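Since we're looking at a predicted model, the values are computed, not measured. Numbers for residues simply follow the sequence, beginning at 1.
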Amino acid sequence: MTDPTTRPGVGKPRTGDTPTDQPAEGPAADGQAGQPGNDGTGRPADSPAQRRERSIGRLGDRKRARLDELARATADPGGVSLYRDALRRLRRNPVAIVGAVIVGLFVLVALFAPLIAPHDPVQRFDELTRDLTVDSIPGATAGHPFGSDPLGRDFLSRMIHGSRQTLFVGVLATLIGLTLGVLLGAIAGAFGGWVDVVLMRLTDVMLALPSLLLAITLVAMASRSSQWTVIFAVAIVSVPIFARLLRGSMLAQRESDHVLAARALGVKERNIVLRHMLPNSLTAVIVQATLTFAVSILDAAALSFLGLGDPDINRAEWGLMLGVDGQRYFEVRPELAYYPALAIIVVALGFTLLGEAMREAIDPKNRR
């Protein structure tokens with residue numbers, strides 16, 4: 001007879017026979033750990049969908065941790081503002097460096113002209129006037145590297161002092177044009193409607209005329225030409241440029257998120273214009289002012305060249321020197337025209353290079 005303990009299922013304890021206060025031992029306990037619904041700790045095992053979801057979650061956590069690590073490695077602890085980023089780009093731009101060097105040298109020469117100039121610009125020297133004739137003007141001599149002008153004055157000293165007048169005319173004309181243009185552009189962009197239509201049609205009429213022709217017309221309308229008539233004529237020419245640029249920027253700001261949010265919160269329209277729209281629209285206008293400065297220098301020199309500028313022959317100004325002396329005595333001594341013309345070109349080029357580099361650094365659309 002077969003031993004009942006060796007037959008299958010005979011010696012195996014039933015589930016109900018096992019005491020509840022004693023754990024199962026031996027192979028039976030190991031068999032239960034491998035059954036579905038039991039993870040070996042007495043808890044029900046996760047389903048395949050739960051295990052897949054937990055695996056995806058761990059993968060997402062690892063990716064998030066990696067992205068956070070990369071962000072911390074590349075982030076600037078203090079944050080980078082628009083102007084700080086623009087300044088950093090300008091320092092790395094060779095065009096901006098060349099323009100800044102030219103502008104810096106021009107400003108330094110203009111500010112310290114009395115200290116740099118070797119002689120008084122209106123003083124006549126005997127050693128120069130002694131050799132003056134209708135067909136001969138002394139060139140470079142000892143103590144006078146650029147020679148003499150038609151009246152026996154040191155030409156180098158007049159060139160150095162001429163930078164002060166050029167800087168004065170360019171800065172003042174640009175500031176006046178910028179102020180009037182910002183005022184008109186802000187009014188048109190803030191109010192809109194018929195105010196915008198009237199002001200923009202006025203600027204269209206001014207833009208329809210060539211800038212130099214408009215400046216000549218304004219100077220000719222004055223009873224007596226002077227340095228101030230040149231300044232105001234050049235300033236009026238630049239007004240529509242600033243007005244249109246600011247008006248377009250402010251119209252774009254009207255539909256921006258921060259302006260709509262401020263209007264929804266009940267902020268007064270005046271505060272929205274002055275604190276939100278206008279400050280965010282001035283960046284492009286400031287860059288344009290740098291470019292307009294170069295145009296103002298050229299326009300002022302052109303008016304003086306045509307004889308519509310300051311009639312005082314003792315005043316040292318590059319445009320006046322180019323027109324009165326350079327044109328009249330070009331065949332006798334062409335250097336009288338070469339030096340002021342070269343100075344005007346180099347200074348205008350410096351401001352143009354700096355302005356273009358600033359526009360590229362501030363406006364992301366213009367970056368290469």
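In plain terms, the two heavy atoms of Thr174 and Ala289 that are nearest each other are CG2-O, 3.7 Å. The two atoms that bring Ile102 and Val347 nearest to each other are CG2-CA, 4.3 Å, heavy atoms only. Scanning all heavy atoms of the two residues, the minimum distance from Gly319 to Ile344 falls at N-CD1, 4.2 Å. Contact between Ala215 and Ala233 at its shortest, heavy atoms only, is O-CB, 3.8 Å. Taking every heavy atom of both residues into account, Val219 and Leu308 meet most closely at CG1-O, 3.4 Å. The minimum heavy-atom distance between Val182 and Phe242, with the atom names listed, is N-CB, 4.5 Å.
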- Query: How far apart are the C-alpha atoms of Leu184 and Leu180, what are their side-chain angles, what is the distance that settles it, and do they pass the side-chain contact (heavy atoms from CB on, under 4.5 Å) test?
  - Reply: CA-CA 6 Å; Leu184 294 179; Leu180 297 178; 5.6 Å; no
- Task: Could you please spell out the steps behind the side-chain contact (heavy atoms from CB on, under 4.5 Å) verdict for Phe168 and Ile231?
- Result: CA-CA 9 Å; Phe168 175 74; Ile231 292 174; 3.8 Å; yes
- Derivation and outcome, side-chain contact (heavy atoms from CB on, under 4.5 Å), residues Val239 and Thr203: CA-CA 8 Å; Val239 168; Thr203 58; 5.9 Å; no
- Assess whether side-chain contact (heavy atoms from CB on, under 4.5 Å) is satisfied between Phe330 and Leu336, documenting all intermediate values. CA-CA 7 Å; Phe330 185 79; Leu336 297 178; over 6 Å; no
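When the side chains of ILVMFWY residues are joined at heavy-atom separations under 4.5 Å, either directly or via intervening members, Leu108 and Val346 end up in two distinct hydrophobic clusters. One hydrophobic cluster holds both Leu342 and Leu353 under the rule that ILVMFWY side chains link at heavy-atom gaps under 4.5 Å. Cluster membership for Leu202 and Leu214, using ILVMFWY side-chain heavy atoms within less than 4.5 angstrom, is not shared. Under the 4.5 Å side-chain heavy-atom criterion for Ile, Leu, Val, Met, Phe, Trp and Tyr, Val197 and Met200 are members of distinct hydrophobic clusters. Cluster annotation: Leu115 and Leu111 are assigned to the same hydrophobic cluster (Ile/Leu/Val/Met/Phe/Trp/Tyr, side-chain heavy-atom contacts under 4.5 Å, transitive).
Atom CE of Met250 is separated from atom CG of Leu245 by 12.0 Å, given to the nearest 0.5 angstrom. Note that OG of Ser211 is 9.5 Å distant from CD1 of Ile216, once rounded to the nearest 0.5 Å. For the atom pair CG (Leu291) and OG (Ser238), the distance works out to 12.5 Å, reported to the nearest 0.5 Å. Separating the CG atom in Leu167 from the CD1 atom in Ile297 is a distance of 7.5 Å, to the nearest 0.5 Å. Annotation: the span from Ile97 atom CD1 to Arg92 atom CZ amounts to 11.0 Å, rounded to 0.5 Å. Summarising the geometry, atom CD1 belonging to Ile160 is positioned 4.0 Å from atom CG belonging to Leu156; distances are rounded to the nearest 0.5 Å.
Applying the salt bridge (Lys or Arg N to Asp or Glu O under 4.0 Å) rule to pairs touching residues 182-206 yields Asp196-Arg247, Arg201-Asp204, Asp204-Arg244, sequence neighbours excluded. Pairs engaging residues 127-149 under the ring pair (Phe, Tyr, Trp, His ring centres under 6.0 Å) rule: His119-His144, Phe125-His144, Phe146-Tyr339 [sequence neighbours left out]. Every pair passing salt bridge (Lys or Arg N to Asp or Glu O under 4.0 Å) that includes a residue from residues 156-182 is listed here, sequence neighbours excluded: Asp149-Arg158.
The shortest side-chain heavy-atom distance between Val195 and Ile187 falls under the 4.5 Å cut-off. Here the side chains of Val234 and Leu303 are in contact, with some heavy-atom distance below 4.5 Å. In this structure, the side chains of Ser148 and Asp154 stay at 4.5 Å or more apart for every pair of heavy atoms. Between Thr352 and Phe293, every side-chain heavy-atom pair lies at or beyond the 4.5 Å cut-off. Residues Arg359 and Gln288 meet the side-chain proximity criterion, which asks for heavy atoms closer than 4.5 Å. For the pair Met159 and Pro340, the minimum side-chain heavy-atom distance is below 4.5 Å. Here the side chains of Glu356 and Val287 are not in contact, with every heavy-atom distance at 4.5 Å or above. Using a 4.5 Å heavy-atom cutoff, the side chains of Leu183 and Thr179 are not in contact.
Residues passing the side chain to side chain donor-acceptor pair (under 3.5 Å) test with Thr166: none are found, sequence neighbours excluded. Phe305 is linked by a ring pair (Phe, Tyr, Trp, His ring centres under 6.0 Å) to nothing, counting only residues two or more places apart in sequence or in another chain.
The aromatic rings of Phe106 and Trp318 sit tilted, their planes meeting at an angle between 30° and 60°.
Looking only at atom types and distance, the side chain of Gln227 has no donor-acceptor partner in the side chain of Glu317 under 3.5 Å away.
No side-chain donor-acceptor contact under 3.5 Å links Ser304 to the backbone of Ala301.
Leu251 belongs to no hydrophobic cluster, as no Ile, Leu, Val, Met, Phe, Trp or Tyr side chain comes under 4.5 Å of its own.
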